[in-house]
Trainee: 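Structure incoming, see below.
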Amino acid sequence: MSDQHHPDQPAPALFTWEFAADPYPAYAWLREHAPVHRTRLPSGVEAWLVTRYADARQALADPRLSKNPAHHDEPAHAKGKTGIPGERKAELMTHLLNIDPPDHTRLRRLVSKAFTPRRVAEFAPRVRELTDQLIDRFAKTGSADLIHEFAFPLPIYAICDLLGVPREDQDDFRDWAGMMIRHGGGPRGGVARSVKKMRGYLAELIHKKREALSATPAPGEDLISGLIRASDHGEHLTENEAAAMAFILLFAGFETTVNLIGNGTYALLTHPGQRARLQDSLARGERDLLETGVEELLRFDGPVELATWRFATEPLTIGGQGIAQGDPVLVVLAAADRDPERFADPDVLDLARRDNQHLGYGHGIHYCLGAPLARLEGQTALAALFNRLPDLRLAADPADLRWRGGLIMRGLRTLPVKFTPTA
């Protein structure tokens, strides 16, 4: 490691089980002593970790850091270890997380036409209905695992409805998605197989919807029909691009929301003062604390720990550290969002925090397209949960909870809770 001011004590161990449970002390050490730190990841790939807020924000918007894995100067042993398993083989690489301008600009413009804030707002009643149906299933029992029974199914059924996946196919989707987030907890090669099945299914669905497309859009038209219809100066998405796009909306829009609801609920259950403030505010029918609160939960312990891969297209400097052409760079959002140089009392959860330009949805041209949907789902889920189950409490010692191993995302495997059963 080529850090200018290397302290006496060695860098903390990264990517262990202890680190997964609470990575924040290690990130605080890196921010202070080695803000741009080269490390070997569990996959064997070496990458730079960027941990300070100012450097992170700059890196996220730097055009010299490409999203395209073709720019990775990768040794043979690292081939294919930097994306979603199976996406190369399934021809799903041409999506927004893997491309740069001008292709990124064109695709993003087309998708933005289909994925408008208005469409998300029209979808709010359906998200409320799904939320209530899921809580109804376990409210009578007095206990639940909020990941499997609530945080996981809600965004899957929501995104399926939004995309236009018929109800009778949604349970298949739920199974494939479950496989995709097990991260090594399922059979070997299971993720790649699920990606392949999903890819085949989406291609077929897009083809059917293209055949059935009416001349003018119907009100409340689904997102896949919107993607097929979206054109830019007469230029449409190819079926391959539409399938890759639908896939990444599903992939990016689902696991992040599972973790937003899971991590957010866990943070509230372990910060009783903040949780009481939120419940009082909800009881008075207010929205303000819920809205600032979801942003604060994203900053405090967000669903995306590291931004997706970037690769240097030329030699550059970040935070005083030289980076060679072809080197992978990972921006650590979780570290940047607790940088005391940017946030007052960064390790304190304050649901009313106003100055909160967190990087939980990224920054720059790759800023999360689904942010309005994630906000809607996070706010709806937390409001319903704490309104309907006012004495919700953890049914396990926090030390016994397991966090999912995986590089990019941060989320709990299970979240067992107890509450007074409701009729």
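Just the heavy atoms: all of them, side chains too, but no hydrogens, waters or symmetry mates, feed the values below.
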Trainee: Can a salt bridge be assigned to the pair Lys197 and Asp175 using a cut-off of 4.0 Å between side-chain N and carboxylate O?
Mentor: no

Trainee: What are the two closest non-hydrogen atoms of Ala242 and Leu227, and how far apart are they?
Mentor: O-CD1, 4.3 Å

Trainee: Do Arg338 and Phe343 have side chains that get closer than 4.5 Å, going by heavy atoms?
Mentor: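 They are not in contact (no side-chain heavy atoms under 4.5 Å apart), so the answer is no.
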
Trainee: Side chains of Asp169 and Tyr201: is there a donor and an acceptor less than 3.5 Å apart?
Mentor: yes

Trainee: Apply the test side chain to side chain donor-acceptor pair (under 3.5 Å) to residues Tyr27 and Asp337: give CA-CA distance (whole Å), side-chain angles for both, the deciding distance (0.1 Å), then the verdict.
Mentor: CA-CA 10 Å; Tyr27 289 149; Asp337 278 344; over 6 Å; no

Trainee: So do Leu154 and Thr257 actually touch side chain to side chain, heavy atoms under 4.5 Å?
Mentor: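 Result no, sub-4.5 Å side-chain heavy-atom pair not found.
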
Trainee: Apply salt bridge (charged side-chain N to carboxylate O under 4.0 Å, His left out) to Asp55 and Arg31, showing your working.
Mentor: CA-CA 10 Å; Asp55 297 337; Arg31 264 196 318 266; over 6 Å; no

Trainee: Are any non-hydrogen side-chain atoms of Val36 and Thr51 less than 4.5 angstrom apart?
Mentor: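 Val36 vs Thr51: side chains apart.
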
Trainee: Show your working on side chain to side chain contact (heavy atoms under 4.5 Å, CB included) between Phe15 and Thr39 and close with a plain yes or no.
Mentor: CA-CA 10 Å; Phe15 312 116; Thr39 189; 4.2 Å; yes

Trainee: Rounded to the nearest 0.5 Å, what separation is found between the CG atom of Leu359 and the CZ atom of Arg342?
Mentor: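 One gets 9.0 Å once the value is rounded to the nearest 0.5 Å.
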
Trainee: Tell me, please, which residues at least two apart from Phe150 pass ring-ring contact (aromatic ring centres under 6.0 Å, His included).
Mentor: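 Counting only residues at least two positions away or on another chain, Phe150 forms no ring-ring contact (aromatic ring centres under 6.0 Å, His included).
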
Trainee: Which pair of non-hydrogen atoms, one from Ile261 and one from Thr265, has the smallest distance, and what is that distance?
Mentor: O-OG1, 2.7 Å

Trainee: Any side-chain to backbone donor/acceptor pair from Asp100 onto Lys67? Under 3.5 Å, distance only.
Mentor: yes

Trainee: Within the side chain of Gln279, is there an N or O that forms a donor-acceptor pair under 3.5 Å with the backbone of Phe386?
Mentor: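 A pair under 3.5 Å: yes.
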
Trainee: So, do Arg119 and Leu223 sit near enough that their side-chain heavy atoms are less than 4.5 Å apart?
Mentor: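 Yes, at least one pair of side-chain atoms sits under 4.5 Å.
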
Trainee: For Ser225, is there any backbone N or O sitting under 3.5 Å from a side-chain donor or acceptor partner on Asp222?
Mentor: yes

Trainee: Check for me whether the distance between the ring centres of Phe300 and His271 falls short of 6.0 Å.
Mentor: yes

Trainee: For the residue pair Glu255 and Arg404, establish whether any side-chain heavy-atom pair is separated by less than 4.5 Å.
Mentor: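 They are in contact (side-chain heavy atoms under 4.5 Å apart), so the answer is yes.
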
Trainee: With distance as the sole test, does Ser66 use its side chain to make a donor-acceptor pair with the main-chain N or O of Asn68 at under 3.5 Å?
Mentor: yes

Trainee: If you count heavy atoms of other groups shown closer than 6.0 angstrom to CZ of Arg118, is the number above 12?
Mentor: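 Atom CZ in Arg118 is not crowded, with 12 or fewer foreign heavy atoms closer than 6.0 Å.
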
Trainee: May I ask you to decide whether Arg353 forms a salt bridge with Glu295, counting only side-chain N to carboxylate O separations under 4.0 Å?
Mentor: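 Salt bridge absent between Arg353 and Glu295.
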
Trainee: Any cation-pi pair here, Arg199 with Phe247, using under 6.0 Å and within 45°?
Mentor: no

Trainee: Heavy atoms only: give me the nearest Arg174-Pro153 pair and the separation to one decimal.
Mentor: NH1-CB, 3.7 Å

Trainee: Within this structure, what is the OG1-CD1 distance for the pair Thr422 and Ile135, rounded to the nearest 0.5 Å?
Mentor: 9.0 Å

Trainee: Show me the pairs that pass salt bridge (charged side-chain N to carboxylate O under 4.0 Å, His left out) and involve residues 146-161, at least two apart or across chains.
Mentor: Arg126-Asp161, Asp161-Arg167

Trainee: Would Asp280 and Leu289 count as a side chain to side chain contact (heavy atoms under 4.5 Å, CB included) if you check the C-alpha gap in whole Å, the side-chain angles of each, and the deciding distance to 0.1 Å?
Mentor: CA-CA 10 Å; Asp280 291 346; Leu289 194 66; over 6 Å; no

Trainee: Could you check if a side-chain atom of Leu394 sits within less than 4.5 angstrom of a side-chain atom of Leu415, using non-hydrogen atoms only?
Mentor: yes

Trainee: Which atom pair, heavy atoms only, marks the closest approach of Gly360 to His358?
Mentor: N-ND1, 2.9 Å

Trainee: Name all residues meeting the ring-ring contact (aromatic ring centres under 6.0 Å, His included) criterion together with Tyr24; count only those two or more places apart in sequence or in a different chain, and write none if there are none.
Mentor: none

Trainee: Say you draw a straight line from CZ of Phe254 to SG of Cys160; how long is it, rounded to the nearest 0.5 Å?
Mentor: 9.5 Å

Trainee: With a 3.5 Å cut-off and no angle check, do the side chains of Gln379 and Arg287 form a donor-acceptor pair?
Mentor: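 A donor-acceptor contact under 3.5 Å links the two side chains.
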
Trainee: Check this for me: does any side-chain nitrogen of one of Glu204 and Lys209 sit under 4.0 Å from a carboxylate oxygen of the other?
Mentor: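 Here Glu204 does not pair with Lys209 in a salt bridge, since their nearest N and O are not under 4.0 Å apart.
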
Trainee: Ignoring hydrogens and angles, tell me if any N or O in the side chain of Thr131 forms a donor-acceptor pair with the backbone of Thr380 under 3.5 Å.
Mentor: no

Trainee: Mind jotting down which residue pairs meet the side chain to side chain donor-acceptor pair (under 3.5 Å) criterion with at least one end in residues 135-146? Sequence neighbours excluded, please.
Mentor: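 Pairs touching residues 135-146 that pass the test: Asp136-Arg388.
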
Trainee: Quick one, Ile408 and Glu305 - any side-chain contact, counting heavy atoms below 4.5 Å?
Mentor: no

Trainee: Taking atom CD as the centre, does Glu341 end up with more than 12 heavy-atom neighbours from other residues, nucleotides or ligands that are less than 6.0 angstrom away?
Mentor: no

Trainee: Is there a donor-acceptor pair closer than 3.5 Å between any side-chain N or O of Gln274 and the backbone N or O of Leu351?
Mentor: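 Confirmed, Gln274 side chain pairs with Leu351 backbone.
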
Trainee: Check step by step if side chain to side chain contact (heavy atoms under 4.5 Å, CB included) holds for Phe138 and Leu146.
Mentor: CA-CA 10 Å; Phe138 58 76; Leu146 286 182; 3.8 Å; yes

Trainee: Considering only residues two or more places apart or on different chains, which pairs with a residue in residues 396-423 satisfy ring pair (Phe, Tyr, Trp, His ring centres under 6.0 Å)?
Mentor: Tyr266-Trp403

Trainee: Arg229 and Glu221: which non-hydrogen atoms are nearest, and at how many Å?
Mentor: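 Distance-wise, the nearest heavy atoms are NH2-OE2, 2.7 Å.
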
Trainee: Just how far is it from atom CD of Gln58 to atom CD1 of Ile318, taken to the nearest 0.5 Å?
Mentor: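 Here the interatomic distance stands at 6.5 Å.
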
Trainee: Minimum heavy-atom separation for Leu349 and Leu297, please, with both atom names.
Mentor: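 Nearest pair, atom of Leu349 first, then Leu297: CD1-CD2, 3.9 Å.
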
Trainee: Determine, for Arg310 against Asp327, whether the closest basic-nitrogen to carboxylate-oxygen distance falls under 4.0 angstrom.
Mentor: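 A salt bridge is absent here (no side-chain N lies under 4.0 Å from a carboxylate O).
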
Trainee: Under the salt bridge (charged side-chain N to carboxylate O under 4.0 Å, His left out) test, which residues partner Arg57, sequence neighbours left out?
Mentor: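 Arg57 satisfies salt bridge (charged side-chain N to carboxylate O under 4.0 Å, His left out) with no residue once adjacent residues are dropped.
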
Trainee: Indicate yes or no for a side-chain donor-acceptor contact from Thr105 to the backbone of Pro101 under 3.5 Å, with no hydrogens or angles considered.
Mentor: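 No: the side chain of Thr105 does not pair with the backbone of Pro101.
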
Trainee: Calculate, to the nearest 0.5 Å, the distance between atoms CD1 and CG belonging to Ile147 and Leu401 respectively.
Mentor: 9.0 Å

Trainee: Which value, rounded to the nearest 0.5 Å, describes the distance between Leu49 atom CG and Leu14 atom CG?
Mentor: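 Interatomic distance, Leu49 CG to Leu14 CG, rounded to 0.5 Å: 6.5 Å.
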
Trainee: Is the shortest side-chain heavy-atom distance between Ile224 and Ile206 below 4.5 Å?
Mentor: yes

Trainee: Would Asp350 and Arg277 count as a salt bridge (charged side-chain N to carboxylate O under 4.0 Å, His left out) here? Give the steps.
Mentor: CA-CA 10 Å; Asp350 174 10; Arg277 283 177 72 186; 3.7 Å; yes

Trainee: Start with the C-alpha gap between Asn356 and Glu296, add the side-chain angles, then the distance that decides, and say whether side chain to side chain contact (heavy atoms under 4.5 Å, CB included) holds.
Mentor: CA-CA 7 Å; Asn356 196 358; Glu296 173 69 346; 3.4 Å; yes

Trainee: Parallel, tilted or perpendicular: which one describes the rings of Trp176 and Phe173, with boundaries at 30° and 60°?
Mentor: tilted

